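Note that the structure is predicted; figures quoted are calculated from it, not measured.
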Amino acid sequence: MSYALGMSGVKSRREQYSEATRAALLAAAARRFAEHGFAGTALEDVAADIQATRGAVYHHFANKTALFRAVHEQAETAMLKRVEAAAAVHADDVYAAAGAALEEFLDCCCEPDYGRLVWQEAPLALGWPEWKASEEKYAFGMIEQTINALMDAGAMPALPATTMARAVFQLLGGAGIELAMTPDPDKIRVKDEYLQVLGYMLGAGPVEPAGPTGPTGPTGLAGPA
């Protein structure tokens, strides 16, 4: 193997620096957007937070909307990974998997940064059509897959799965928005109430919270009696 071929997979220092700068910009922007909102965040401030220039921001992102879009995608990707990981713990039990996924999603919505970025700022920064399409991109497929699994297990009636998934998608979005707007002292209570209500609406009984306010043991939807 030639030296050139052997080095082809090794990133140059310039590439490594560029990637590190982009990651730092995303982290700084996420903090700024979560604290000050999209309108209250200036690119100069994001650059200053990592001791970079405004030009460094424009090297990676065309404008503030593009920067927010990248931050939003990062937040949604991280949420989806968490939800999938929570469900995977109960891979052999569709009820428990659905319940764990639901609770993890609601937990994400209770977190101040995720709640404000995704449910409060994104519709304004990206515009309603793009934001809605993005939410479907990150959530709808998993929701539809879960609905199909619950129907196959007899936990839900055999209704049109895609339409049911869209209805649940809207319900979860409403829950996310309300949790993002709920005062911190009330978030856990409201989250637990949504956990129980959505469990019933999914047709498989309530989901008992697994957090500090709930019982110990695995979380999940109650299976059919």
Side-chain angles (χ1 to χ4, degrees), residues 72-111 114-115 118-119 122-123 126 128-182 187-211 213-225:
H72 177 256
E73 289 176 353
Q74 190 175 64
E76 289 290 55
T77 299
M79 177 278 295
L80 191 59
K81 287 181 178 178
R82 285 175 55 177
V83 170
E84 289 175 339
V89 173
H90 308 285
D92 59 344
D93 185 335
V94 64
Y95 306 105
L102 174 61
E103 181 163 23
E104 190 66 32
F105 167 74
L106 295 175
D107 280 339
C108 287
C109 295
C110 287
E111 295 173 2
Y114 180 85
V118 171
W119 300 114
L126 302 177
W128 180 264
E130 181 179 345
W131 173 70
K132 199 67 174 177
S134 179
E135 291 306 302
E136 290 203 19
K137 170 186 173 183
Y138 287 102
F140 185 76
M142 185 175 186
I143 292 172
E144 187 171 29
Q145 181 180 2
T146 301
I147 293 298
N148 279 314
L150 288 169
M151 286 183 178
D152 290 343
M156 302 181 71
L159 296 171
T162 298
T163 301
M164 176 66 78
R166 291 200 177 280
V168 172
F169 172 77
Q170 298 296 336
L171 289 170
L172 291 176
I177 292 171
E178 182 167 348
L179 284 170
M181 301 293 290
T182 298
K187 282 188 187 292
I188 296 299
R189 175 185 58 79
V190 174
K191 186 212 83 169
D192 289 348
E193 289 175 356
Y194 265 109
L195 203 55
Q196 296 175 36
V197 170
L198 289 171
Y200 272 117
M201 295 181 75
L202 287 173
V207 182
E208 294 296 337
T213 60
T216 58
T219 300
L221 298 174

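- Expressed to the nearest 0.5 Å, how far CD of Glu76 lies from NZ of Lys81 amounts to 13.0 Å.
- Tyr114 contributes no side-chain N or O that, together with a main-chain N or O of Ala78, makes up a donor-acceptor pair within less than 3.5 Å.
- The distance from the CD atom of Glu130 to the CD atom of Glu135 is 11.0 Å, given to the nearest 0.5 Å.
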Report all side-chain donor-acceptor pairs from residues 165-179 shorter than 3.5 Å, counting only partners two or more places apart or in another chain.
residue : atom : partner : partner atom : Å
Arg166  : NH1  : Glu136  : OE1          : 3.3
Arg166  : NH1  : Glu136  : OE2          : 3.4
Gln170  : OE1  : Lys132  : NZ           : 3.2
Glu178  : OE1  : Tyr194  : OH           : 2.5

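- Within the 4.5 Å cutoff, no side-chain heavy atoms of Lys187 are placed close to those of Glu111.
- For the residue pair Ala180 and Gly115, the shortest heavy atom distance occurs at CB-O, 3.5 Å.
- Scored by the side-chain hydrogen bond (donor to acceptor under 3.5 Å, both in side chains) test, Gln74 finds no partners at all (sequence neighbours excluded).
- Note that the CG atom of Asp192 and the CD atom of Glu103 stand 7.0 Å from one another [nearest 0.5 Å].
- Of all heavy-atom pairs spanning Met79 and Cys108, the tightest one is CG-SG, 3.8 Å.
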Per-pair distances, 0.1 Å, donor-acceptor, side chain in residues 137-147, under 3.5 Å, sequence neighbours excluded:
residue : atom : partner : partner atom : Å
Glu144  : OE2  : Thr162  : OG1          : 2.6
Thr146  : OG1  : Met142  : O            : 2.9

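- Taking both residues in full, the closest heavy atoms of Ala158 and Met151 are given as CA-SD, 4.4 Å, listed atom of the first, atom of the second, then distance.
- The heavy-atom pair separating Ala100 from Ala86 by the smallest distance is CB-O, 3.5 Å.
- Side-chain contact check for Met181 versus Trp119: every heavy-atom pair is 4.5 Å or farther apart.
- One distance of note links CG of Leu198 with CD of Glu193; it measures 11.5 Å at 0.5 Å rounding.
- Interatomic distance, Arg189 CZ to Thr182 OG1, rounded to the nearest 0.5 Å: 8.0 Å.
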